[in-house]
Amino acid sequence: MNRRAIALLGVLGVFLLILPHIAGSYVISVATLILFFAFTGQAWNVMMGFCGQLSLGHSLYVGVGAYVAAGLFFHYGVGPWAGVWVAIALCVALGAAIGFLAFRFGISGVYFALLTIAFAEFTRIGFDHLQWTGGPGGLFLKVAQRDQIDLANFRGPPAMYYYAILFLAVSALIFCSFLLKSKAGYYWQAIRENEEAAQALGINTFRWKMLAVVISSAMTAVGGVFYAFYYNNLFPEQIFHISRSIEIILGPIIGGIGTLFGPILGAAVLTLLADGITEGLAALGVEIPGVKQVFYGVVLLGVVMFLPHGIWPALARRLGLGK
């Protein structure tokens with residue numbers, strides 16, 4: 001990054017740190033949602049943007065991570081700081097199983113994407129019939145006092161959750177920056193561009209693709225744990241639905257697949273515009289079912305047609321921010 005990029009990043013960092021002190025609860029909730037999608041989008045970007053493995057079932061890891069941590073807390077009083085490790089372990093096992101089945105038998109491209117959708121849908125059906133998690137009636141966590149911070153049980157006011165997801169988003173950005181510059185990052189990019197050529201160069205593509213899946217699923221599981229304790233209610237039909245996966249992947253696609261800041265910019269643009277449209281229609285007394293999904297489709301079509309590499313690469317060139 002050049003000096004201009006570092007300066008703008010510093011200004012943005014200061015703004016995000018002081019935001020809860022200068023904004024109301026509604027703005028904080030929107031900012032929290034943006035950062036959540038930025039974090040989960042960054043996790044998906046490791047798998048698709050870096051390694052070229054298209055997943056359309058990342059709601060699987062959000063849902064399993066959320067349900068595992070919430071279930072342990074609800075039934076046994078196990079705090080989220082311990083539950084998150086169980087959630088990560090299970091999601092890594094699921095990701096490794098999917099990756100092994102796909103990569104060992106040469107499943108790739110659209111067929112791999114369909115496999116990820118199938119696993120997410122099978123899991124949704126399973127959780128619909130699992131009474132330990134409340135089945136289709138949902139699992140509800142007790143809402144603690146919002147004016148008190150209880151870090152041990154991850155309960156507190158909205159500002160606490162905002163700073164938590166801000167920390168996760170910044171950590172993901174730094175971690176992914178390290179990954180891109182590591183040996184794994186270079187191998188992933190070689191696999192993404194031409195897997196056969198990468199194999200010819202002696203790269204063990206199976207091993208490195210499995211690593212991408214494992215890292216992506218682990219990161220997404222952490223996002224699922226945050227989701228559970230932030231919203232306090234879980235329903236299989238909502239959290240495992242393919243629309244949840246679409247919301248996760250749209251940020252990186254709109255912002256720029258394979259870039260570090262693309263998932264963040266894409267999440268901000270989509271969330272702000274979609275929420276603005278929803279609130280604007282509500283203010284006019286107009287209710288249009290599915291308007292958010294239609295908006296997502298229009299934005300995606302526009303980006304694909306006019307900015308095929310995403311918003312961030314074009315914006316970075318225009319502002320002279322470098323790569």
- [ ] Kindly determine whether Met219 and Val46 satisfy side-chain contact (heavy atoms from CB on, under 4.5 Å), including the steps that lead there.
- [x] CA-CA 10 Å; Met219 291 175 65; Val46 171; 4.3 Å; yes
Task: Criterion side-chain contact (heavy atoms from CB on, under 4.5 Å) on Ile98 and Val213, from CA distance to verdict - done: CA-CA 9 Å; Ile98 296 171; Val213 172; 5.7 Å; no
- [ ] Run the numbers on Arg155 and Asn232 for side-chain contact (heavy atoms from CB on, under 4.5 Å), then give the verdict.
- [x] CA-CA 10 Å; Arg155 323 302 283 164; Asn232 299 304; 2.5 Å; yes
Open item on the list: Working note: Phe229 + Val225, criterion side-chain contact (heavy atoms from CB on, under 4.5 Å); need CA distance, chi angles, decisive distance, verdict.
Closed with: CA-CA 7 Å; Phe229 284 83; Val225 175; 4.2 Å; yes
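For the pair Thr205 and Gln199, the tightest heavy-atom approach, listed with the atom from each and the gap, is OG1-NE2, 3.2 Å. Closest of all the heavy-atom pairs between Gly262 and Thr259 is N-OG1, 3.0 Å. Shown here for Ala228 and Leu141, the closest heavy-atom pair between the two residues is O-CD1, 3.7 Å. When all heavy atoms of Ala43 and Ser216 are compared, the closest pair comes out as O-OG, 2.7 Å. Closest of all the heavy-atom pairs between Leu19 and Val27 is CD1-CG1, 4.2 Å. Of all non-hydrogen atoms in Ser59 and Ile248, the two that sit nearest each other are N-CD1, 4.4 Å.
Residue Asn204 holds its CG atom at 8.5 Å from CD1 of Ile191, rounded to the nearest 0.5 Å. With values rounded to the nearest 0.5 angstrom, Met160 atom CE is found 12.0 Å from Gln148 atom CD. Note that OG1 of Thr40 is 10.5 Å distant from CG of Leu168, once rounded to the nearest 0.5 Å. Between the CG atom of Leu115 and the OG atom of Ser108 there is a distance of 11.5 Å, given to the nearest 0.5 Å. Here Asn233 contributes atom CG and Gln238 contributes atom CD; the two are 7.0 Å apart, rounded to the nearest 0.5 Å. Atom OG1 of Thr116 sits about 7.5 Å away from atom OH of Tyr61, to the nearest 0.5 Å.
Aromatic rings from Phe39 and Phe226 are positioned such that their centres are separated by 6.0 Å or more. For Phe154 and Tyr161, the ring centers sit closer than 6.0 Å to each other.
At least one donor-acceptor pair under 3.5 Å links the side chain of Tyr162 to the backbone N or O of Leu16. Listed for the Arg244 side chain is no donor-acceptor partner under 3.5 Å among the backbone atoms of Leu60. Without hydrogens or angle criteria, Trp312 side chain to Ile264 main chain gives no donor-acceptor distance under 3.5 Å. Side chain of Ser177 to main chain of Leu173: no donor-acceptor pair is present (N/O by atom type, distance under 3.5 Å, no hydrogens or angles). Panel note: side chain Asn45, backbone Gly258; a donor-acceptor pair is recorded below 3.5 Å. No donor-acceptor pair under 3.5 Å is formed between the side chain of Arg124 and the backbone N or O of Gly63. A distance-only check finds a donor-acceptor pair linking the side chain of Gln53 to the backbone of Cys51 [under 3.5 Å]. Looking at Ser245, its side chain does come within 3.5 Å of a backbone N or O of His58 through a donor-acceptor pair. In this structure, the side chain of Ser217 engages the main chain of Val214 through a donor-acceptor pair within 3.5 Å. Not a single donor-acceptor pair under 3.5 Å links the side chain of Trp208 to the backbone N or O of Ala184.
With sequence neighbours excluded, no residue forms a ring-ring contact (aromatic ring centres under 6.0 Å, His included) with His309. In this structure Asp150 satisfies the salt bridge (Lys or Arg N to Asp or Glu O under 4.0 Å) test with no other residue, sequence neighbours excluded.
Hydrophobic clustering places Tyr231 together with Val222 (ILVMFWY residues linked when any side-chain heavy atoms are closer than 4.5 Å, directly or through intermediates). Note: the hydrophobic cluster containing Tyr111 also contains Phe119 (ILVMFWY, side chain heavy atoms under 4.5 Å, direct or indirect links). Clustering ILVMFWY residues whenever any of their side-chain heavy atoms sit less than 4.5 angstrom apart, transitively, puts Leu179 in a cluster other than the one holding Tyr186. A continuous path of ILVMFWY side-chain contacts below 4.5 Å connects Ile28 to Phe37, so both sit in one hydrophobic cluster. Follow the hydrophobic side-chain contacts under 4.5 Å out from Val294 and you never reach Met305; the two are in separate clusters.
Cation-pi geometry between Arg192 and Phe50 is not satisfied (NZ or CZ under 6.0 Å from the ring centre, within 45° of the ring normal).
Between Leu9 and Phe261 there is a side-chain heavy-atom pair separated by less than 4.5 Å. In this structure, Thr133 and Leu234 have side chains that are not in contact, with every pair of non-hydrogen atoms separated by 4.5 Å or more. Contact annotation: the side chain of Tyr296 approaches that of Glu247 to within less than 4.5 Å [non-hydrogen atoms, C-beta and beyond]. Counting only heavy atoms from C-beta outward, the side chains of Ile253 and Val303 never approach each other to under 4.5 Å. Side chains of Leu8 and Leu12 form no contact here, defined as non-hydrogen atoms less than 4.5 Å apart.
Around CZ of Phe140, the count of heavy atoms belonging to other residues, nucleotides or ligands within 6.0 Å exceeds 12. No more than 12 heavy atoms of other residues, nucleotides or ligands shown are found within 6.0 angstrom of CZ on Phe167. Surrounding CH2 of Trp132 are more than 12 heavy atoms belonging to other residues, nucleotides or ligands, all under 6.0 Å away.
Here the rule is ring pair (Phe, Tyr, Trp, His ring centres under 6.0 Å) with Tyr67, and of Phe127, Phe235, Phe74, Tyr227 only Phe127 fits it.
Residue pairs meeting the side-chain hydrogen bond (donor to acceptor under 3.5 Å, both in side chains) criterion with at least one partner in residues 19-33, sequence neighbours excluded, are His21-Tyr163, Tyr26-Asp275.
Taking the six-membered ring where the residue is Trp, Phe112 and Phe103 present parallel rings, their angle staying beneath 30° rather than reaching 60°.
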